[in-house]
Structures are given as structure tokens and as C-alpha cells.
Amino acid sequence: MTNETLAQYANLGVYSAMVVFTLAMVAFAMDLAGAAPRLSAVAPDIEVQPALVGGGSPVSGTAARIPVEGPDLPRRRKAAGVAMMLTRLGGLLLIAAAAMRGLSVHRPPLGNMFEFALVGCMFVIVVFVAFSLRRDLRWLGLFVVGPVLLTLGLAITVFYTDASELLPSLRSVWLVIHVSVATFSVALFTIAFSVTILHLVKTWLEAQDRQDSVGMSRLRTAVNTALPPARSLDRTAYGIHAVAFPLWTFTLIAGAIWAEQAWGHYWNWDPKEVWTFVIWVVYAAYLHARATTGWSARSANYLALVGYAAILVNYMVVNVFFVGQHSYSGM
Amino acid sequence: MTGSRMDTRPDESDVNQPVLGFVGTGRWAWRQLTSMRTALFLLLLLAIGAVPGSIWPQRNIDAGRVADYLASHRSTGPWLDRLGFFDVYSSPWFAAIYLLLFVSLVGCVVPRSKIHWRAMREQPPRAPGKLERLPEHGQIEVDGAPEDVLQVARDVLRRRHRRVLADGLSLSAESGYLRETGNLVFHVALIVVIVAVAIGHLFGWRGDRILVTGKSFSNTISGYDTFDPGPWVDTAGLSPFTVAVDRLDVTFEEHAGGAQRGAPRDFTAYTRTQASPDAPEIRQTLKVNSPLVFGGASVFLLGNGYAPVITVRDAAGQVLLHEATPFLPQDANYRSVGAVKVSAASPRQLGFFGFFLPSEYLDKNAGPSSFFPDLKNPALALGVYEGELYPQGRPQSVYTLSTEKMTQLKNAKGEPLRLLLKPGQTIALPGGRGSITFDAVQRWAGLSIRYDPGKILALAGAVAALAGLIASLMIRRRRIFVRVRPQGRRTVVSMGGIAKGEDPRLGAIIENLLGTIAERTGTKTRRTVTKAERTGTTV
């Protein structure tokens with residue numbers, strides 16, 4: 001039996017979170033735009049701190065850490081502070097929404113596309129907020145909250161499915177193990193994707209800056225100032241990928257174990273299995289490319305983008321359009 | 001690579017290139033194949049090669065959909081078929097990709113294992129002359145004589161480093177060998193997984209059986225509707241277990257609306273099983289996600305449907321056929337097709353073909369349809385044929401009628417005769433052909449029995465791969481060097497570190513080690529040389 005009232009409250013939670021994230025997005029954008037005016041006068045005050053994984057070597061950070069003196073520094077980033085608070089609030093709303101959705105159907109909210117999207121967004125925000133406690137991630141806010149807002153919008157309109165119980169084949173402890181880890185690693189891949197895109201943008205801006213720093217438009221200058229150095233972005237992206245990839249490997253193994261229990265074969269080239277495998281192979285290629293001399297970080301990063309495109313296909317195309325045993329999008 | 005060639009070099013065509021010969025060419029090809037570049041290319045090719053299998057229907061999953069596709073794409077279908085797009089994962093080109101990748105993998109892992117084996121037994125190199133030139137460096141002054149401090153430093157380093165080499169008043173230590181070990185374990189484990197898949201393919205088998213409630217089946221080839229053994233399976237030596245399904249409980253979603261209405265919620269089969277003819281009978285429940293296990297083989301509940309019990313009598317009232325006939329569900333509301341073949345009818349054999357509808361209603365366009373998967377208004381809608389059921393004795397599906405040697409019976413108006421039967425109802429066939437009775441409805445359980453001797457090995461390989469992967473991504477290879485020199489009555493310890501690749505924690509580790517050395521030497525007032533002093537940066 002499903003509790004319709006609770007499910008309604010869960011939807012309300014999603015809508016409120018969307019309002020909060022919209023405000024957060026505006027505030028993050030204002031903060032980024034505000035980075036422009038002071039840069040021509042003084043050196044940037046980018047704080048390079050140890051990356052979450054594998055990033056921020058103290059040596060490269062030495063120069064940036066030198067406190068720059070001046071009356072207007074450090075820049076007061078009120079908008080960013082408000083944005084971070086709003087993001088945390090939105091995160092709490094998403095946690096509440098996911099919890100109510102789960103309670104309304106007496107199971108983990110991991111049964112259809114709406115619920116994957118909701119929980120995935122929740123993981124993205126939770127990871128972002130958790131790491132923002134350890135290092136300054138205000139530059140990343142816009143590029144995390146933006147995709148989350150887009151996904152939530154899609155989830156509540158296009159992917160929306162009424163709260164209901166599960167198909168018998170989904171009733172297993174492996175649902176929690178397999179799907180939650182899958183969703184979590186997709187959340188990490190999403191953040192890594194944003195950072196990778198920013199790395200490409202920053203690389204391009206840095207090249208422009210070197211050529212003609214005076215002729216750059218205000219927006220470009222602002223973005224260039226607000227973002228950490230390309231090298232640091234690259235390390236951060238690699239670090240997140242290096243955590244997400246083993247989690248994805250685990251997803252694949254757990255899925256195979258579950259498939260063996262539910263369908264009698266651990267691997268049957270079901271479309272979802274195929275795409276999970278494709279994603280795994282592409283990101284494996286990315287990690288290999290990183291370790292191969294002769295491949296620049298940039299071309300390796302393109303592979304990471306291809307990997308994320310495969311994730312999007314796996315979620316949005318395979319669930320809905322391909323016939324297979326994973327066709328339980330609920331749509 | 002051509003871009004990096006210097007212009008001063010003569011064009012390659014002008015140079016007398018050495019002839020490689022057979023062995024040389026082979027070695028060159030081997031180098032190319034086992035290079036990282038090729039491995040990367042093959043990996044991407046594997047990803048691209050796997051995609052068509054998710055777009056086009058595959059024979060190993062659903063042969064029926066492949067046939068439908070071929071029927072509706074008469075021009076492109078045969079070409080796709082020739083290129084193996086309906087059997088992607090057993091096609092030669094897909095096999096070529098993964099076999100090349102497999103060879104490349106072996107060719108990469110073997111030499112790297114040798115190198116790693118040697119590296120693990122090698123002593124770390126001696127400390128370089130100027131430790132402060134290393135990426136990370138620290139210095140402290142501690143109490144004690146240089147020799148004693150060196151001994152302490154050695155003990156401290158030993159705790160976290162595999163090898164510590166002493167050379168005069170300096171030490172070198174190396175850690176993080178597990179990174180490469182993990183990397184090799186990961187790749188070897190992938191080979192194990194591939195081997196396990198091959199074992200499963202060669203020695204494994206699967207069989208499917210539709211079992212009407214109240215019936216039983218035994219694990220022999222004749223007991224199956226379809227049986228698909230691997231090439232090296234001894235089909236006579238199957239373990240002789242039996243399974244009887246007494247009852248099958250099925251629940252469908254009644255409350256939710258939209259696409260979820262009628263979705264299956266629970267399947268439970270109540271079974272009696274015997275591991276062998278002499279073994280005691282055990283009552284077990286079989287559910288989706290909890291198979292029955294007999295030794296290596298597992299019995300899965302993968303399908304269900306309805307089997308109307310039908311009785312056909314001749315004009316004299318003699319029973320010609322009385323049995324539960326499984327019908328195959330065609331849609332989510334279990335509109336099911338099936339055939340009843342009365343070979344005992346005379347002078348001409350009779351065949352009934354049509355639909356079983358668990359919740360019957362008449363759709364204007366589609367005819368008799370079902371609005372819900374459960375039994376709310378069960379009905380049989382059948383057409384009747386007479387003639388020869390099995391022309392030339394060819395094998396045929398039990399769910400369809402081969403009507404090439406049969407004619408359909410007509411009603412008084414000359415239209416094809418359609419029978420609509422509710423449970424308990426009997427309808428007389430025209431022309432003194434007897435009668436048909438729809439007695440009751442039973443359910444059937446679709447059992448799938450699988451045996452895969454490679455699956456435990458595959459799991460072990462996958463878990464080992466994951467462990468190796470984590471080790472190779474998280475562990476860092478580091479070298480730490482220490483040098484002590486007397487400073488009055490105290491000792492100055494300098495320490496430098498270098499890592500393979502990026503290592504953000506190296507600085508903290510050196511500070512930590514120096515702190516421990518200070519502690520162990522009982523230094524109360526230690527002077528730590530600041531980072532700015534070390535790196536020579538001025539603020």
C-alpha cells in the first residue's frame with residue numbers, strides 16, 4: 001500500500017528545493033560575475049587547498065597562497081555565502097523529499113527514473129556540501145546547482161512516476177546495494193564532468209589571457225579569475241574520477257550478482273548491462289590515457305566527457321527506449 | 001609523432017631501412033599490439049562494438065523480436081544480419097576485438113610483472129646529495145648523537161616502508177609497491193574473469209520449462225521445453241532432481257493508476273523437490289530473486305501465465321482430450337495465445353487456436369482483449385480448424401497451429417466460427433463434431449534452470465579486480481631520504497621525498513615523520529625549519 005499524502009509532501013519538497021536552488025544559482029552567478037572588477041589591479045586570491053583526492057600539491061600552491069595585501073582584499077563574497085547556505089537548505093529539502101518518497105512506499109526510493117533522479121541530485125548536493133566544508137568550492141557552486149536544477153525539473157515533469165510498490169524482480173537487498181552505489185557514482189561522475197568542462201574552459205581562458213589579457217571581455221576575465229588554475233582543476237577532476245570509477249566497478253559487480261539471483265545469469269548483454277559496460281570501458285580508457293605518456297591531459301579529458309555522455313544515454317535513452325530487462329523506468 | 005620529427009632529418013624514403021625479417025616483423029607487431037596506445041584504441045573499439053547489441057534485438061535474448069525486425073525491414077535487415085548485428089556478442093568482429101585486447105593485456109601484464117618482481121627485491125637508490133632539491137623537504141634539530149638519531153629514523157621509516165637502505169649517515173626508503181601490485185592484480189583478475197566466462201560458456205547449460213501447477217518435471221533433456229547446453233556438456237550426466245509446482249500465487253498492482261496499474265507485485269511458487277529419486281521430498285517456496293539450488297544448478301522462477309483446462313468430446317460424448325494447456329502472455333494484461341490440438345478427433349483432426357483473456361472485454365479494433373492481468377473475467381476466444389495437424393510430421397510450436405493443411409470452420413452466415421467460452425461453459429461444435437468445454441483455469445510457472453560452473457571464479461576475479469583497482473588508484477609510490485649531521489651536541493635531520501606522479505600528501509608525511517623522530521629521540525625543544533626557509537621563497 002502506498003501513502004499518497006506522503007508522496008505529495010515529497011513532491012512538495014522537490015518543488016521547494018527547486019525554488020531554493022534557483023535562488024542559489026542566481027547568487028552563485030552573481031558571485032562569479034563579481035570576480036571581474038578587481039583583478040586588473042591586484043593578484044587573484046585563489047585559495048589553493050589540498051584537493052579532495054590527488055589534487056593541490058603544496059608546491060604548486062605556494063605562490064597562490066601568498067596573502068595579497070590591499071584594503072579591498074580578501075574580496076567579500078556575500079553572494080557566494082548566501083548561495084552556499086541556500087545550497088545546504090536545498091540539500092536538506094532533497095533529503096527530506098527522498099525520505100518521504102521512500103516512506104510513502106515502504107522501500108528505498110530507488111525504483112524508477114523519478115526516484116533515481118531525486119536520489120542522484122541529493123547525492124550530488126550532499127557530496128558538494130560535504131567537500132565544501134573542507135575546501136573552498138564556491139567557484140563550483142553554479143556548475144553543480146545548475147545541472148541539479150535541470151535534472152530535478154526533468155524528474156518532476158518528464159520522468160515523474162506515481163509512488164508505487166516494486167516489481168518482484170526488484171525486491172531484493174541488492175536494490176539498495178547496487179542502485180544506491182550506482183546512483184552515488186553517477187553523482188560523482190556528474191561533479192567530475194562539471195569540473196572537467198571547467199578545466200577545458202579555464203585552459204582556453206588561460207591561453208587567451210597569455211596572448212592578450214587586456215582585450216579579454218569582462219565576463220571572460222571574471223570567469224578566468226574566479227576559477228582555480230587549470231592544473232588544479234585537472235587534478236580535482238582526475239581525483240573525483242579515481243573515486244567514482246571503483247564505485248562504478250562495484251556497481252557492475254553487484255549488478256551481476258543480483259542478475260544471477262533474479263534472472264539466472266550474471267551477464268546476458270541486456271541493454272543496460274551493455275551500457276554499464278560501455279561506461280566502464282570508456283572511463284577505464286580515460287584512466288589509461290591519463291597514465292600514458294603521449295596523451296595530454298586535455299585529450300584524456302575528452303574521453304571523460306564521452307564517458308559522461310554514455311552515462312546520460314544509459315539513464316535517459318536505455319531506460320525509456322530500449323527493450324530489456326531493466327525497462328522499469330515506470331514511464 | 002610525425003610532427004615531432006626534426007626537419008633536418010632526411011626523408012625516410014631516402015634511407016636504407018634495415019629489413020625486419022620474419023622474427024623482426026613479429027616482434028614489431030607484438031610491440032604494437034601490446035603498446036598502451038593500441039590497448040586504448042582496442043578499449044574504445046570494444047565500447048563502440050558493444051553498442052549495436054543494445055540497439056538491435058539480439059537472438060540470444062529474444063529471437064522473436066529479431067524475426068519481427070527482419071520481417072519489417074526487408075532491405076536493411078538481411079545486411080545487418082550478415083554483419084552480425086543480431087548476434088553482436090558472438091560475432092567474429094566482436095570476438096576479434098576482445099581477443100586482441102586479451103592478448104594485449106597478457107602482453108602488457110607479463111613483462112610488467114617481471115619488472116615489478118625485480119623492483120620489489122631491489123634496494124632503494126642512495127640518497128641524493130642535496131635533499132633540499134627534492135619536491136618535498138624538511139629539516140629539524142633533535143637531541144642525541146647522529147648514529148643514535150639515524151637508528152631512530154631507521155626504525156620510524158621501517159614501519160611504513162618496505163625497504164630501508166642505510167648508507168653512511170643517510171637512509172633511503174621506498175613505499176607504495178602495492179600500487180603496482182594492485183595494478184597487476186587488477187589486470188590478471190580481468191583475465192581470470194574472461195577465463196571464467198569461457199568456462200561457463202563451455203561447461204554450462206540452461207533449460208526452460210513451462211510447468212502447469214500440479215505437475216512435476218525432472219532434470220533430463222526430455223524434461224525441458226528448450227535445452228541449450230555448452231559445447232562440452234555431458235548431457236547424459238545431468239543431476240537427477242525433480243521439481244513439482246503445487247501452487248503459484250501471483251499478485252498484481254490494483255491500487256496505483258497509470259502505467260503501474262496491473263504491474264506484477266509478487267510471485268510465489270510452492271514446490272516439492274527431490275535432489276535425486278531416492279532423496280526425501282522437501283517442500284520449498286520458489287520466488288523471484290530466491291532460486292532453488294541443486295548442487296551447481298539453480299531453478300529460477302522467470303515467467304508465469306495461464307493454462308485453461310479444456311475438455312474436447314466427440315459427438316458420442318467420448319473424451320478426446322482433457323488437459324491444462326499453457327497459453328503464452330502477449331501483453332502486460334496477459335492477453336495470451338495458445339493452441340489446443342485434438343489429434344484423436346476423426347475423421348479429421350481438430351485444432352483450436354486463439355486467446356485466453358484473464359479479464360475479458362471486447363475492444364472495437366483489437367477484438368477480444370484483457371483489461372487486467374489477474375482473473376477478473378476469464379474467457380477463451382477460439383477459432384476452430386479441421387484437417388491435418390502435423391503435415392509431414394514436422395515439429396512445430398505447441399502454442400500455434402500450422403494451418404496449411406487445415407480449413408477454418410464457418411458459422412451459419414459463412415463467417416469464420418468464433419467461440420467465446422467462460423469457465424464451466426460447454427459449446428457444441430457445428431456439424432456433429434462434438435463439443436468443447438472450458439473447465440477451469442490453472443496457472444503455469446516458467447522455470448529456467450541454469451548451470452554455470454564458472455560463476456564463482458568470475459565473482460572471485462571481479463572482486464580481486466576491484467581490490468587491485470582500489471589499491472592502484474589510491475596508493476602512491478614514494479621515496480623518502482634522510483641524512484643526519486652533527487650540529488654541536490645535537491643532530492640535524494634532513495628529510496626529502498619524491499613521489500611517482502602527483503602526491504599532495506607527501507609534504508604532510510615528511511612533517512609527520514620528522515615529528516615522530518623528534519618524539520622518539522626525546523627532543524623537548526626542537527627547531528623546525530620553516531617551509532619558506534626550506535623552499536627558499538621569500539614573502
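Just so you know, these numbers come straight off a predicted model, no measurement behind them. Below, chains carry the letters A, B, ... as their sequence lines are ordered, and counting in each starts from 1.
Using a 4.5 Å cut-off between heavy atoms, B/Val197 contacts chain A through both its backbone and its side chain. Only the side chain of B/Ala458 comes within less than 4.5 Å of a heavy atom in chain A; its backbone stays farther off. Within the 4.5 angstrom heavy-atom criterion, no atom of B/Ile449 approaches chain A. Only the side chain of A/Tyr266 comes within contact range of chain B, with heavy atoms under 4.5 Å apart. For A/Leu303, the part lying under 4.5 angstrom from a heavy atom of chain B is the side chain only. Interface residue B/Asp266: backbone and side-chain heavy atoms are both found under 4.5 Å from chain A.
Of the listed residues (B/Val288, B/Val463, B/Ile470), the one with the most heavy-atom contacts under 4.5 Å to chain A is B/Val288. Counting heavy-atom pairs closer than 4.5 Å to chain A, the top residue among B/Ala462, B/Gly204, B/Gly53 is B/Ala462. Interface summary for chain B: among A/Val306, A/Ile253, A/Thr249, the most heavy-atom pairs under 4.5 angstrom belong to A/Ile253. By number of non-hydrogen pairs under 4.5 angstrom with chain B, the leading residue of A/Gly264, A/Ala289, A/Ala285 is A/Gly264. Counting heavy-atom pairs under 4.5 Å between each of A/Ala262, A/Ala291, A/Ala256 and chain B puts A/Ala262 at the top. Among B/Arg450, B/Lys287, B/Arg65, B/Lys455, the residue with the largest count of heavy-atom pairs under 4.5 Å with chain A is B/Arg450.
Atom CG of B/Leu302 and atom CH2 of A/Trp263 lie 10.0 Å apart (nearest 0.5 Å). Here A/Phe245 contributes atom CZ and B/Leu466 contributes atom CG; the two are 9.5 Å apart, rounded to the nearest 0.5 Å. Interatomic distance, A/Asp270 CG to B/Ile61 CD1, rounded to the nearest 0.5 Å: 6.0 Å. Atom-to-atom distance recorded for A/Leu287:CG and B/Leu473:CG is 6.0 Å, nearest 0.5 angstrom. To the nearest 0.5 Å, atom CZ of residue B/Arg206 and atom CG of residue A/Asn268 are 7.0 Å apart. For the atom pair A/His265 NE2 and B/Phe300 CZ, the distance stands at 8.5 Å (nearest 0.5 Å).
In this structure, the side chains of B/Leu459 and A/Glu260 stay at 4.5 Å or more apart for every pair of heavy atoms.
Evaluation of the side-chain hydrogen bond (donor to acceptor under 3.5 Å, both in side chains) test over residues 47-57 of chain B, restricted to residues two or more places apart or in two chains, returns A/Trp275-B/Ser54, B/Trp56-B/Tyr69.
Within the 3.5 Å criterion, the main-chain N or O of B/Arg265 finds a donor-acceptor partner in the side chain of A/Arg171.
Taking the six-membered ring where the residue is Trp, A/Trp280 and B/Phe186 present tilted rings, their angle falling between 30° and 60°.
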request  = Carefully, step by step, assess B/Asn289 and A/Trp258 under the rule side chain to side chain donor-acceptor pair (under 3.5 Å).
outcome  = CA-CA 8 Å; B/Asn289 267 319; A/Trp258 188 12; 3.0 Å; yes

query = Given the rule in the ring pair (Phe, Tyr, Trp, His ring centres under 6.0 Å) test, do A/Trp269 and B/Phe94 qualify, once you have shown the distances and angles that lead to the verdict?
reply = CA-CA 13 Å; A/Trp269 297 106; B/Phe94 193 73; 5.7 Å; yes

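Within 6.0 Å of the CZ atom in B/Phe41, the count of heavy atoms belonging to other residues, nucleotides or ligands does not exceed 12.
Only one option out of A/Val281, A/Val278, A/Val282 pairs with B/Leu46 in a side-chain contact (heavy atoms from CB on, under 4.5 Å); it is A/Val281.
Closest approach of B/Leu469 to A/Pro246, counting heavy atoms only: CD2-CA, 3.8 Å.
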